[in-house]
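The chain is numbered in sequence order, starting from 1. Basis for what follows: all heavy atoms, side chains included, without hydrogens, waters or symmetry-related copies. Start at 1 and go down the list; that is how both ligands and their atoms are numbered.
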Amino acid sequence: MSQGEAPVRLGILLSGRGSNFVAIAESIRAGRLKGVEIAVVISNVADAAGLAKAKEFGLPTEVFVSKGRSRTEHDADVAACLKAHGVDLVCLAGYMRLLSKEFVAAFPQRILNIHPSLLPAFPGLDAQAQALDYGVKVAGCTVHFVDEDLDHGVIVVQRAVPVLETDNAHTLAERILAEEHIAYSEAIGMVASGEYEIRGRRYVKGKRQAGKIEKIETSR
Ligand code: GAR
């Protein structure tokens, strides 16, 4: 983003405590993450702590409970809500749901996820415990674009932490989480700048190309 341009609008999707969302919101508020604003915070869990935090911050919030509905139906409502709020970049922040292929197609290379492992190692649930049980000496987190496969898309940022002999899954998860809070804002800034290209599976920094972070058409 260059000066004078409209900020890139973020749509945050979360299911739980929302510490990654809070870290992003605080980075924006402190001026460390520039050129973006949070347009809406959406949850599939009505009493998610992250949603309460979003309300405290005075941000628009929406809940779409998924129980009893097909994934396609539910995701169509979430996608419509994101578009109605003029969202340019969707950020999954502890959103513990698989996305339908229609949802992914509605935001091509416009969905980021954070995962608590150095992908492609340990995709899926309980990544920190998987890493500990496997016996790796270095763990970490990954911010990546979302594609149709689980924890699979192009990697934007990774941060590593050592695994200590004294670690249990909880202490390792805490140390990784501190790095997640740095990595997510960094990745959002990199993507929002538009100064990159994707070569195969590789995110490569480069000059911004015209129309790179073009606004997704919205109904606003
Ligand atoms: C984070 O550790 C995030 O990496 C993980 O859930 C936690 C959410 O914490 N996400 C996944 O495992 C997704 N596969 P938060 O609600 O405090 O941000």
Side-chain angles (χ1 to χ4, degrees), residues 10-29 32-33 36 38 40-57 59 61-64 66 71 75 78 89-100 103-104 107 111-134 136 138-163 167-188 191:
L10 308 180
I12 308 275
L13 268 54
L14 56 79
S15 303
R17 114 196 110 168
S19 72
N20 275 290
F21 150 64
V22 169
I24 294 163
E26 284 175 349
S27 292
I28 295 171
R29 199 151 64 174
R32 290 189 299 274
L33 175 54
V36 303
I38 296 175
V40 64
V41 179
I42 298 175
S43 185
N44 60 321
V45 178
D47 61 355
L51 211 51
K53 271 278 175 202
K55 286 180 188 148
E56 275 174 37
F57 290 166
L59 292 167
T61 59
E62 299 281 351
V63 177
F64 293 94
S66 44
R71 188 176 306 284
D75 282 6
V78 176
L89 182 63
V90 181
C91 301
L92 310 183
Y95 189 59
M96 303 315 254
R97 275 182 64 79
L98 296 172
L99 300 174
S100 63
F103 186 96
V104 175
F107 297 94
I111 309 172
L112 290 175
N113 180 43
I114 188 151
H115 183 74
S117 78
L118 294 174
L119 290 171
F122 315 123
L125 292 176
D126 299 324
Q128 306 94 331
Q130 290 187 56
L132 194 69
D133 292 348
Y134 195 92
V136 295
V138 179
C141 63
T142 304
V143 184
H144 63 94
F145 285 108
V146 171
D147 65 14
E148 281 185 22
D149 297 316
L150 178 68
D151 299 329
H152 175 266
V154 168
I155 291 169
V156 182
V157 169
Q158 291 189 304
R159 291 181 70 89
V161 302
V163 180
D167 267 332
N168 56 42
H170 176 73
T171 58
L172 180 59
E174 288 285 298
R175 202 159 344 97
I176 293 172
L177 190 64
E179 299 304 317
E180 292 184 40
H181 293 165
I182 301 167
Y184 217 160
S185 290
E186 185 187 349
I188 290 168
V191 171

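One side chain, Arg97 or Ser66, offers a donor N or O that lies under 3.5 Å from an acceptor on the other.
In this structure Phe122 satisfies the ring pair (Phe, Tyr, Trp, His ring centres under 6.0 Å) test together with Tyr134, sequence neighbours excluded.
Within the 4.5 Å cutoff, no side-chain heavy atoms of Ile111 are placed close to those of Phe145. Here the side chains of Glu26 and His181 are not in contact, with every heavy-atom distance at 4.5 Å or above.
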Nitrogen or oxygen contacts under 3.5 Å, ligand 1 side and protein side:
| from | atom 1 | to | atom 2 | distance (Å) |
| --- | --- | --- | --- | --- |
| ligand 1 | 2 (O) | Glu180 | OE1 | 3.2 |
| ligand 1 | 2 (O) | Glu180 | OE2 | 2.9 |
| ligand 1 | 4 (O) | Glu180 | OE1 | 2.7 |
| ligand 1 | 4 (O) | Glu180 | OE2 | 3.4 |
| ligand 1 | 9 (O) | Arg17 | NH2 | 3.1 |
| ligand 1 | 14 (N) | His115 | ND1 | 3.1 |
| ligand 1 | 16 (O) | Gly18 | N | 2.8 |
| ligand 1 | 17 (O) | Arg17 | NE | 2.6 |
| ligand 1 | 17 (O) | Arg17 | NH2 | 3.4 |
| ligand 1 | 17 (O) | Ser19 | N | 2.8 |
| ligand 1 | 17 (O) | Ser19 | OG | 2.6 |
| ligand 1 | 18 (O) | Ser19 | N | 3.4 |
| ligand 1 | 18 (O) | Asn20 | N | 2.9 |
| ligand 1 | 18 (O) | Asn20 | ND2 | 3.0 |

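The residue from Leu150, Asn113, Leu92 that alone fulfils the side-chain contact (heavy atoms from CB on, under 4.5 Å) condition with Leu99 is Leu92. For the side-chain contact (heavy atoms from CB on, under 4.5 Å) criterion with Phe21, the lone passing option out of Leu10, Leu51, Ile12, Leu13 is Ile12.
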